[in-house]
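Here is the naming used below: chain letters follow the sequence lines, and residue numbers restart at 1 for every chain.
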Amino acid sequence: MHGDSLHGDGGKKDRLNFVEQEIEKDLQSPKLVGKTFISRFPPEPNGYLHIGHAKSICLNFGLAKSYGGRCNLRFDDTNPSKEEQEYVDSIQNDVRWLGFEWDELHYASDYFEQLYDWAVQLIKAGKAYVCDLTSEQTREYRGTLTVPGKNSPFRDRSVEENLTLFEEMRAGKYPNGARTLRAKIDMAAPNVNLRDPVMYRILHAHHHRTGDKWCIYPMYDWAHGQSDSIETITHSICTLEFEDHRPLYDWFCNELGIYHPRQIEFARLNLSYTVMSKRKLLQLVTEKHVSGWDDPRMPTISGLRRRGYTPESIRLFCEKIGVARFYSTIDMGVLESSVREHLNAVANRVMAVMNPLPITITNYPEDQVELMEAVNNPEDASAGTRQIPFSRNLLIERDDFMENAPKKFFRLTVGAEVRLRYGYIIRCDEVVKNAAGEIVELRCTYDPETRSGAETATATRKVKGTIHWVSAQHAIDAEVRLYDRLCMNENPEDVPAGKTFLDNLNPDNLKVVTAKVEPALKTAKAGDRFQFERTGYFCVDPDTTADKLVFNRTVSLKDSWAKEMSKT
RNA sequence: UGCCGGGUGGUGUAAUGGUAACACUACUGAUUUUGGUUCAGUCAUUCAUGGUUCGAGUCCAUGCCCGGUAGCCA
């Protein structure tokens, strides 16, 4: 799968997170000694996976790998009104893309019959009853955080009556919301989850897998622990907001007398400069603030994939952020540094000019074209080299020229020399402007003794700066989508009254430009990733066609010059 | 106001009663035909107070602050 550091060489990671520490203790306890560790990733198929899910995926599958165990993929499909096959498919695709393969594929809906039988068992034991209270009444009877609840008037129905009613509920005799099956626990429990929680609700809805077979559906609490139990999950790892549900999880397993997994909770991921809740992501899509779930600005797995993130970079990120019980926000910079780290090692370099400024090498022969040899990846000799055409008329980046340059500007300015990457050293002699006073061309001369690759002292003489370029007649056009952070603020949810996170969207999170790129890119295929030298990492978007190249900026390179400039 | 869980640099994560470590960020400096990469270095007495101890980020007590929780959602 992947070379993670945890137990990577059969050895142990020097630092264990709290989940690993608990697991190691458990694995030596009498209950589990000699047993195989089994976890599961249990998404509800009601949306696309995002980077927060990636944390859970890496944790669950990673743990299984570390401890020589197994990890299942289980769809928690207990609420047919929100779930769709489309989501089931995308989730499987995303998990695989991240580099993981589940041992068993399950659906909570596969356990509906067993869950029903267990409910009957609880009714017979006098531990569950059919309640006729409406949802509003149920809420009133539950009490509040500080006031204990009171018993439902239906709490003491006979076992026989409960059995009949529950059977009729299943048979479809009652409309939505008419009755529920509830566990008989304690209406005065300080933990509200224990105040006779609902186990089944009536829902005449079509389920994406069971069709119209059922009209009663189990609640999360009634389905989750038992599903874990059926699959003999040893460790059921979930997020912190389920912490208060653990006593209920335990209660059901105990009352049923079935295999009892251990639930462990960790803090879910929050990322700065973006939003993570499904509701908000859905809103971005439906209100067209982005082009879809896979828009490169979205923190979804599909969005990150389209943006150019690699599975390795996301796994690396998950490894970096750790796992704890403290509710924290990870800086987007950590995600960005992860993808830079991986792409720096594997992405081939290429030259692309985003905002072209024509230059003419006046002493270079009109019809001459030389092929210059360029290294594809200085970090990886096996990536080889390629040939780039050099000619009299070139295009450079507008930002690489300044008429009145400050002292530390190491690029092109009148009278100064600069190295053209993999080309020659040139000097700018003259600036050509149009009637409006805009710079339209630079006239330069080159030093023929400085051809790249030659080993002579004159050829290797140093100049302060090196800039990228393309040959005007050879370059090809490409649409480049310059993506930036989705939101302007570190915490987009932090808004004044009356505003929403939408007011914090970064208006500059996408700029589209037409760039001139070197001819070698002609054959680039969707998904290919490159480093545009001195600029950033880019990938080929699926919108690319035979006659139109489209690139997405994954992330810019670190830019200490821009940083220097912004100081003043 | 009940119950549950948390507070370690700018941000995260470690340290399991014994030298507060690692990563990201930032800032120095070196290297560099990418102002990239790489390398070297700088940046904290652990929420507060008291206690136990030869020794406390870690154990105890009290306080303060933060988060979760009252769906027939998951």
Tell me whether the OP1 or OP2 atom of [N] has a side-chain N or O from [X] closer than 4.0 Å.
{"X": "A/Thr78", "N": "B/A74", "value": "yes"}
{"X": "A/Thr329", "N": "B/U11", "value": "no"}
{"X": "A/Arg534", "N": "B/U32", "value": "no"}
{"X": "A/Arg142", "N": "B/G2", "value": "no"}

If [N] has a Watson-Crick or G-U wobble mate with both distances under 3.5 Å, name it; if not, just say none.
{"N": "B/U13", "value": "B/A21"}
{"N": "B/U69", "value": "B/G2"}
{"N": "B/C39", "value": "B/G29"}
{"N": "B/C59", "value": "B/G51"}
{"N": "B/U34", "value": "none"}

Which of these nucleotides, B/G71, B/U11, B/U69, is closest to any side-chain atom of A/Asp331?
B/U11

Minimum-distance nucleotide (side-chain atoms of A/Ser135 versus B/C72, B/U13, B/U34)
B/C72

Backbone N/O of A/Leu16 and side chain of A/Gln21: donor-acceptor pair under 3.5 Å
yes

Hey, is the main chain of A/Lys82 close enough, under 3.5 Å, to the side chain of A/Asn46 for a donor-acceptor pair?
no

Span that lies between the C1' atom of B/A14 and that of B/U32, in whole angstrom:
34 Å

Tell whether [X] reaches the base of [N] with its side chain through a donor-acceptor pair below 3.5 angstrom.
{"X": "A/Arg15", "N": "B/U13", "answer": "no"}
{"X": "A/Glu243", "N": "B/U69", "answer": "no"}
{"X": "A/Asp244", "N": "B/G68", "answer": "yes"}

With sugar-phosphate meaning primed atoms plus P, OP1 and OP2, does A/Arg139 contact a base, only sugar-phosphate, or nothing at under 4.0 Å between heavy atoms?
sugar-phosphate

Scan A/Gln531 against the nucleic acid and name what it touches under 4.0 Å (heavy atoms): base, sugar-phosphate only, or nothing.
base

Report yes if the distance between the aromatic ring centroids of A/Phe551 and A/Phe532 is under 6.0 Å, otherwise no.
yes

Aromatic plane relationship, A/Tyr249 with A/His224 - under 30° parallel, 30 to 60° tilted, over 60° perpendicular
tilted

Aromatic plane relationship, A/Phe242 with A/His245 - under 30° parallel, 30 to 60° tilted, over 60° perpendicular
perpendicular

Nearest-nucleotide 5' precedence on RNA chain B, A/Val463 against A/Phe18
A/Phe18

Taking the nucleotide of RNA chain B with the nearest heavy atom to each, does A/Trp561 or A/Gly143 sit closer to the 5' end?
A/Trp561

